[in-house]
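Heads up: the structure comes next, in structure tokens.
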There are 2 protein chains.
Amino acid sequence: MTGLHTLLPRPVVVRPAPGEHVVTSVAAATDVSTVALDPVAVPHPGGYRLSISPTGVEAVAHDPAGAFHATQTLRQLLGPDAFRAADIHRGPWTLPCGVVEDHPRFGWRGVLLDVARHFMPKAGVLRVLDLLAAHKLNVLHLHLTDDQGWRVEVPAFPRLTEVGAVRAGTWVGRQPDGDPTHDNRPHGGFYTTADLREIVAYARDRHITVVPEIDVPGHCQAAIAAYPELGVTGEPVEVWHGWGVSEDVLSPAESTVDFFRTVLDHVVDIFDSPVVCLGGDEVPTTQWHASAAAKRRAVELGLSSVDGLHGWFIAVLAQHLATHGRRVLGWDEILDVGDLPPGAVIASWRGEAAGVRAALAGHDVVMCPEQQVYLDHRQADHPDEPIPVGFVRTLADVHAYEPVPAELPAHAHHRVLGAQAQLWTEYLDNPRRVDYAAFPRLAAFAEVVWSPGEPRDQAEFLDRVATHHLPRLDALGVEYRPLAGPRPWQLRPGVPGRPRPVR
Amino acid sequence: MTGLHTLLPRPVVVRPAPGEHVVTSVAAATDVSTVALDPVAVPHPGGYRLSISPTGVEAVAHDPAGAFHATQTLRQLLGPDAFRAADIHRGPWTLPCGVVEDHPRFGWRGVLLDVARHFMPKAGVLRVLDLLAAHKLNVLHLHLTDDQGWRVEVPAFPRLTEVGAVRAGTWVGRQPDGDPTHDNRPHGGFYTTADLREIVAYARDRHITVVPEIDVPGHCQAAIAAYPELGVTGEPVEVWHGWGVSEDVLSPAESTVDFFRTVLDHVVDIFDSPVVCLGGDEVPTTQWHASAAAKRRAVELGLSSVDGLHGWFIAVLAQHLATHGRRVLGWDEILDVGDLPPGAVIASWRGEAAGVRAALAGHDVVMCPEQQVYLDHRQADHPDEPIPVGFVRTLADVHAYEPVPAELPAHAHHRVLGAQAQLWTEYLDNPRRVDYAAFPRLAAFAEVVWSPGEPRDQAEFLDRVATHHLPRLDALGVEYRPLAGPRPWQLRPGVPGRPRPVR
């Protein structure tokens, strides 16, 4: 029998009691309709209370999300076999007796999945949603567009996917900047409108919000490849095969803004998320500085320099999102390029300082510091780590992460909506590689954003993962990184990475 | 509304009627428990009868498999949206009125999936089972072991997966024989015992039998890499990175046979299939001819030549399967290397002649001719076809395939259990490539093995696929080959294939 102490993320309160309750099936035991809703008895949004006795289960939740969370807890208590797609369990299904009182610490428990650098077919995305649900994570930030690919069908602009969804080849690992070679294997794919509606509906069934990202005015080379008139130079470019930051950015012409207004009209028709990400990160201004038209445009717009076009782009498209009742989410660069649009949410990625600044200025923030929660970064400082890039963040490091920056005064803590783990896919070229990078660290992250901040017992956590959670991931077919290091087929000898020295 | 004429595979009888019936949900309309079982009213195994009127659906089936088939037909009638993982349907769900009377032509409607050459993670195999079920296919032949990888955990012999489940790299495409280079990317993976039980149970829920294949005495290099004493030379070998037929075959020592008896004991404990495949194809005898021990062993066994060891291997392991109440399935080479074991089933792959011979000799056969139903072979005679190998078999060609050989006299027709499409994965290195090779041709194959042999209207079929079935595959997220040719990201420029000139 799987005890209450095995749960991950750790609940707020558990009170084990002797005995067990026998159930007929996983489906029966995790049927959300058996959870009563009572927002008075369970005061926290997303919260639930389970009382398991030998004769039955009493399950009460604050809201439908809480009811769903209750069923995920019950599934963990049934044991690893409950995570399989078909019943192979021998003996009766049992639940341990006791009480669980639980609710999430943060409302934004997010994971970014980059489907632009490497496309993940729909089945893989649905599977990711299942994995998020099993960990009580509730936001999937889908990074849909970038220099290396455009992944969302937009009926008004068919070339975005005809041209922008495919590249001729790919850098394998991190080549030296400027290296013109690639692997000569075409890569591509995109989601149809119906596919995305399905992903959104599938997520909604699991109380997960899908936040779409359409990156502007940088990270746009794939769009410019499809429609060169969107670019500053007007010259044809290819969908990029390399990694880094392309200098090809959007032209500030009104026609470009109109183009993206139309794109966003389609995006908000598909996605019901109250927040839409416009990117706004890593915008080289070289092309604008070299363009007479861009300079004229900046003057027209009353900007003191073409550098101001960055913030102007975000502001004008955020305003358009506002007409649809949506808030803008942007990476933390947008803090420094002009007045923030009303209601803007800041994704603090270059560290914690931007998040602190934004929160103190009265903006909501989602903490995504690359030093802490970029899960594409290496999991160990060992030469065998496949395509080692970025900082070393071990499982224990991620578990020790605290989303509320120590520098942030208490009066602004409520501005931290939560945190988000990032799965950038330059070096994760298929779903197996994504599994490797994500797990088991995403389990640690789930506990960070769900469970009370204190106490945090690292040894207990690592033992709980090894003893109780990895068997669940095994049952789910997750190809995680074993605690002792990569399996032989997870190695990538000779593929250049780009480790960063500081932790 | 999706009419009765859109069904694929084509049912035995359809009688459309005016009107439609409105249902509340896909789940309600395809609930197998609403299908009555009546083996008298529906006399054919696997058969069912649907009678849809504006007021309701009357569904009767011969057996549980028939009931399942009935629900798959109902799902098609609900329209493509019914194939999505979440509800995005607008407007009511409706079924067209009329009658469907249906049953399968053949009892063995198989697909071989080669998970040895390229491992497919469990989630992919479960997805393949869903796709088979949607096409009323009922056998998944899992090719679990080969020179290039061993994919089934065997607790008694851990090195089979520790060593045999991984290779150092892979040929990309079909290199010239003997080429020692490879891509230097380790490849591997295996299924745990629990994973395989889950796959079997998931298949059983869909009335699909999973036939495991453990290939002997050739195609064994991965096993020999793990345990060199299984080989003739005793020398260490690596899991193979190339394609073709390895000369490393099993030693005929009693210890080798015992080893495989233990392997098969484990295999039959997992798989409930009445038939287990022992391979038996492509067995080079060079090493036996060069081995004094092998020659002595042949004499001991009363064989006239070491060549006889091939048939002896199959016979002795078939006998072991018989002690477990299982029949042996073998590729057609086993017809020519000794007396066939009692109850042996022949997979006729080098053409139809072997199947005819076996059937006339009183053996059951499954027709798998490589000239017709090897779906890894190219789908068009066009240079853009990605990694073109083998014969050209178009969608129309597969639809025109007739499983009962014209040369087979009527009295032996009942020996043809059915047919099987093969998905060998030397050149299908991920699930997206498998989708491309399999579809839409597997839809044609499904109709060949399910629907009455006559009439076969090619134009009607091609139109039905284009108009009605591809939208279902789109909804399922199947990355099929578009009828007009590969999408840009499905191309593989510069990768050597090995087309064969005859059709």
Side-chain angles (χ1 to χ4, degrees), chain A residues 80-81 84-88 119 121-127 129-130 149 162-163 165-169 172 184-206 386 430-432 435 474-479 486-495, chain B residues 80-81 84-88 119 121-127 129-130 149 162-163 165-169 172 184-206 386 430-432 435 474-479 486-495:
Chain A
D81 280 352
R84 295 193 179 271
D87 189 353
I88 65 164
F119 178 68
K122 186 182 71 181
V125 177
L126 299 180
R127 176 175 172 275
L129 287 167
D130 285 337
E162 286 167 13
V163 174
V166 59
R167 61 177 180 260
V172 177
N184 202 39
R185 179 170 187 162
H187 178 83
F190 67 92
Y191 309 107
T192 65
T193 301
D195 288 341
L196 291 169
R197 289 193 200 287
E198 179 184 358
I199 287 168
V200 169
Y202 192 86
R204 192 188 299 121
D205 290 346
R206 286 151 186 77
N430 65 55
R432 302 181 73 182
D435 271 17
D474 285 330
L476 282 163
V478 174
E479 298 193 82
R487 292 173 182 266
W489 55 83
Q490 293 174 325
L491 299 171
R492 295 299 304 276
V495 178
Chain B
D81 280 352
R84 295 192 179 270
D87 189 353
I88 65 164
F119 178 67
K122 185 181 72 180
V125 177
L126 300 179
R127 176 175 172 274
L129 287 167
D130 285 336
E162 285 166 15
V163 173
V166 60
R167 61 178 181 261
V172 178
N184 201 40
R185 179 171 186 160
H187 178 83
F190 68 91
Y191 309 107
T192 65
T193 301
D195 287 341
L196 291 168
R197 289 195 202 285
E198 179 184 0
I199 288 168
V200 169
Y202 192 86
R204 191 190 299 121
D205 289 345
R206 286 152 185 76
N430 65 56
R432 303 182 73 182
D435 271 18
D474 285 329
L476 282 162
V478 174
E479 297 193 82
R487 292 174 182 265
W489 54 85
Q490 294 174 324
L491 299 171
R492 295 298 305 275
V495 179

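What's counted below: heavy atoms across the whole structure, side chains too, no hydrogens, waters or symmetry copies. Worth saying up front: this structure is predicted, and the values here are computed from it rather than measured.
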Looking only at heavy atoms and a cut-off of under 4.5 Å, which of [options] has the most pairs with chain A?
options                                    : answer
Glu162(B), His187(B), Arg487(B), Arg204(B) : His187(B)
Arg492(B), Arg167(B), Lys122(B)            : Arg492(B)
Ala85(B), Gly477(B), Pro431(B)             : Ala85(B)
Gln490(B), Arg84(B), Glu479(B), Arg197(B)  : Arg84(B)

Which pair of heavy atoms, one from [X] and one from [Y], lies closest together, and at what distance?
X         : Y         : result
Ala194(A) : Ile88(B)  : O-CD1, 3.6 Å
Pro186(B) : Pro488(A) : CB-O, 3.6 Å
Asp435(B) : Val478(B) : OD2-CA, 3.4 Å

Contacting moiety of [X], where chain B heavy atoms sit under 4.5 Å:
X         : answer
Ala168(A) : neither
Arg432(A) : side chain
Tyr191(A) : neither

Examine whether an atom of [X] lies under 4.5 Å from a heavy atom of chain A, and if so say whether it belongs to the side chain, the backbone or both; otherwise answer neither.
X         : result
Leu476(B) : backbone
Asn430(B) : side chain
Asn184(B) : both
Asp474(B) : backbone

Most heavy-atom pairs under 4.5 Å with chain B, out of Gly124(A), Ala86(A), Gly169(A), belong to Ala86(A)
Ranked by heavy-atom pairs below 4.5 Å to chain B, first place among Gly189(A), Gly494(A), Pro386(A) goes to Gly189(A)
Side chain to side chain contact (heavy atoms under 4.5 Å, CB included), that's the test. Do Phe190(B) and Asp195(B) meet it? Break it down for me.
CA-CA 9 Å; Phe190(B) 68 91; Asp195(B) 287 341; over 6 Å; no
Hits for side-chain contact (heavy atoms from CB on, under 4.5 Å) against Ala123(A), two or more places apart or cross-chain, chain-then-number order -> Arg127(B)
Within a strict 4.5 Å, meaning less than it, do heavy atoms of the Arg185(A) and Val495(B) side chains meet? no
